[in-house]
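All chains are named by letter (A, B, ...) in the order of the sequence lines, taking the proteins before the strands, and each is independently numbered beginning at 1.
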Number of protein chains: 2
Amino acid sequence: MAIAKTEAFSKKEQDLAAFAKALAHPARVAILKVLAGKDECVCGQIVEVLPLAQSTVSQHLTALKAAGLINGTIDGPRSCYCINWKAFEKFKHEFNSLFDNLQVKDQQRCC
Amino acid sequence: MAIAKTEAFSKKEQDLAAFAKALAHPARVAILKVLAGKDECVCGQIVEVLPLAQSTVSQHLTALKAAGLINGTIDGPRSCYCINWKAFEKFKHEFNSLFDNLQVKDQQRCC
DNA sequence: CTAATTCATCGTAAAAGTACGATGAAGTTC
DNA sequence: GAACTTCATCGTACTTTTACGATGAATTAG
């Protein structure tokens, strides 16, 4: 991409983009769905459910963790992940606050 | 990426991921913000606001349009874009419906 | 008709993302 | 300690994204 110019934008824009980026792959959406469906943290069962290799799933989990969407703890020989609800709440808030200044205008001039 | 396996996931997961992908760059978030702030559709003024070349902005606009987040019409020698509110409503719904089956469980077993 | 504008598209280059198998670390079990 | 399980990381390959300048199409202005 010839140098990503992310630093030229505001922090809010960067944060929202980073969150969206974490959701920008169906595998990661599917992982979050699985984690959300279980009442206790899951680890390698995710691999069984997804049509991806173990190493690829691990990469996606790392990406989600890096984005702060999930938490992970080591449980003996296995890794345990669960959803970070606070992060989702924060995203919801950011998402809404970014666009709520326009719900006012119902009139469309063009388009 | 060695063949994207998006087709192996459900349509809902793909849709949500596609929407997120469109938001997954600060420039596109900034564009949406600009479009949201104006009560009439803007075109090339976006280029003036963003720290990017005209061709790059045009690419981002094309991406947003392809994702269905904005509408575009040709207005003489210039192009006019505006936000597709229905798409955002749909996304909000998909986003919430994907994760609302877990607001139930407040107890965290681990993590 | 000519010149100037607005913008999309093309070509190109470099970075980032996605995927897999292989390897190895850490822990458990016997 | 030996064998096994579970998972992260490494190396690699290929695709996609991002970015820019250059070019050209379409419209307007003179």
Side-chain angles (χ1 to χ4, degrees), chain A residues 1-9 13-14 17-31 34-35 41-67 70-82 110-111, chain B residues 1-9 13-14 17-31 34-35 41-67 70-82 110-111:
Chain A
M1 22 160 101
I3 289 179
K5 289 201 166 180
T6 57
E7 69 287 344
F9 298 92
E13 288 159 359
Q14 290 180 41
F19 187 97
K21 202 173 198 173
L23 287 180
H25 194 288
R28 289 192 289 271
V29 174
I31 288 174
V34 171
L35 290 181
C41 296
V42 198
C43 37
Q45 294 121 309
I46 302 170
V47 177
E48 298 175 12
V49 177
L50 298 193
L52 297 172
Q54 177 265 325
S55 56
T56 304
V57 173
S58 190
Q59 272 186 341
H60 283 304
L61 285 167
T62 301
L64 287 170
K65 195 175 175 183
I70 61 175
N71 297 319
T73 56
I74 300 175
D75 175 25
R78 68 205 86 210
S79 291
C80 179
Y81 293 99
C82 60
C110 55
C111 301
Chain B
M1 25 161 96
I3 288 179
K5 288 201 165 177
T6 57
E7 69 287 341
F9 298 91
E13 288 160 358
Q14 290 180 41
F19 186 97
K21 201 173 197 172
L23 288 180
H25 195 288
R28 289 193 289 272
V29 174
I31 288 174
V34 172
L35 290 181
C41 295
V42 198
C43 34
Q45 296 120 306
I46 302 172
V47 177
E48 299 174 11
V49 178
L50 297 194
L52 296 172
Q54 177 264 324
S55 57
T56 304
V57 173
S58 191
Q59 273 185 343
H60 283 304
L61 284 167
T62 302
L64 286 170
K65 195 174 175 184
I70 61 176
N71 297 319
T73 56
I74 299 174
D75 173 26
R78 67 205 87 210
S79 290
C80 179
Y81 293 99
C82 62
C110 57
C111 299

Take atom [atom1] of [X] and atom [atom2] of [N], then tell me their distance rounded to the nearest Å.
X: B/Leu50; N: D/dC20; atom1: CG; atom2: P; value: 11 Å
X: B/Leu52; N: C/dC7; atom1: CG; atom2: C1'; value: 16 Å
X: A/Ile31; N: D/dC7; atom1: CD1; atom2: C1'; value: 14 Å
X: A/Gln14; N: D/dT18; atom1: CD; atom2: P; value: 14 Å
X: A/Arg28; N: C/dA19; atom1: CZ; atom2: P; value: 9 Å
X: A/Gln59; N: D/dT15; atom1: CD; atom2: P; value: 17 Å
X: A/Leu61; N: C/dT18; atom1: CG; atom2: P; value: 13 Å
X: A/Leu64; N: D/dA8; atom1: CG; atom2: C1'; value: 15 Å

If you compare every side-chain N and O of [X] against the phosphate oxygens of [N] (OP1, OP2), does one of them come in below 4.0 Å?
X: A/Thr62; N: D/dA8; answer: no
X: B/His60; N: D/dT17; answer: no
X: A/Lys21; N: C/dA16; answer: no
X: B/Tyr81; N: C/dT6; answer: no

Given [options], identify the nucleotide with an atom nearest to the side chain of [X].
X: A/His25; options: C/dC20, C/dT18, C/dC7; result: C/dT18
X: A/Ala53; options: C/dC20, D/dC20, D/dA19; result: C/dC20
X: B/Thr56; options: D/dA19, C/dT18, C/dC7; result: D/dA19

Does [X] reach the side chain of [Y], with side-chain heavy atoms less than 4.5 Å apart?
X: A/His60; Y: A/Leu52; value: yes
X: A/Leu61; Y: A/Tyr81; value: yes
X: B/Leu23; Y: A/Phe19; value: no

Exercise for review: Could you name each residue pair satisfying side chain to side chain donor-acceptor pair (under 3.5 Å) that touches residues 45-59 of chain B, not counting sequence neighbours?
Suggested key: none
Check your understanding: Could you give the distance from CD1 (A/Ile70) to CG (A/Leu64), rounded to the nearest 0.5 Å?
Key -> 4.5 Å
Practice item. Do nucleotides 22-30 of chain C as a string where each nucleotide becomes B, S or -: B if the base has a protein heavy atom under 4.0 Å, S if just the sugar-phosphate does, - if no protein is that close. Key: B----SS--
Check your understanding: Is a donor on one side and an acceptor on the other found under 3.5 Å between the side chain of A/Arg28 and the backbone of B/Ala17?
Key -> no
Practice item. Report yes or no: does A/Gln14 contribute a side-chain atom to a donor-acceptor pair with the main-chain N or O of B/Pro26 at less than 3.5 Å? Key: no
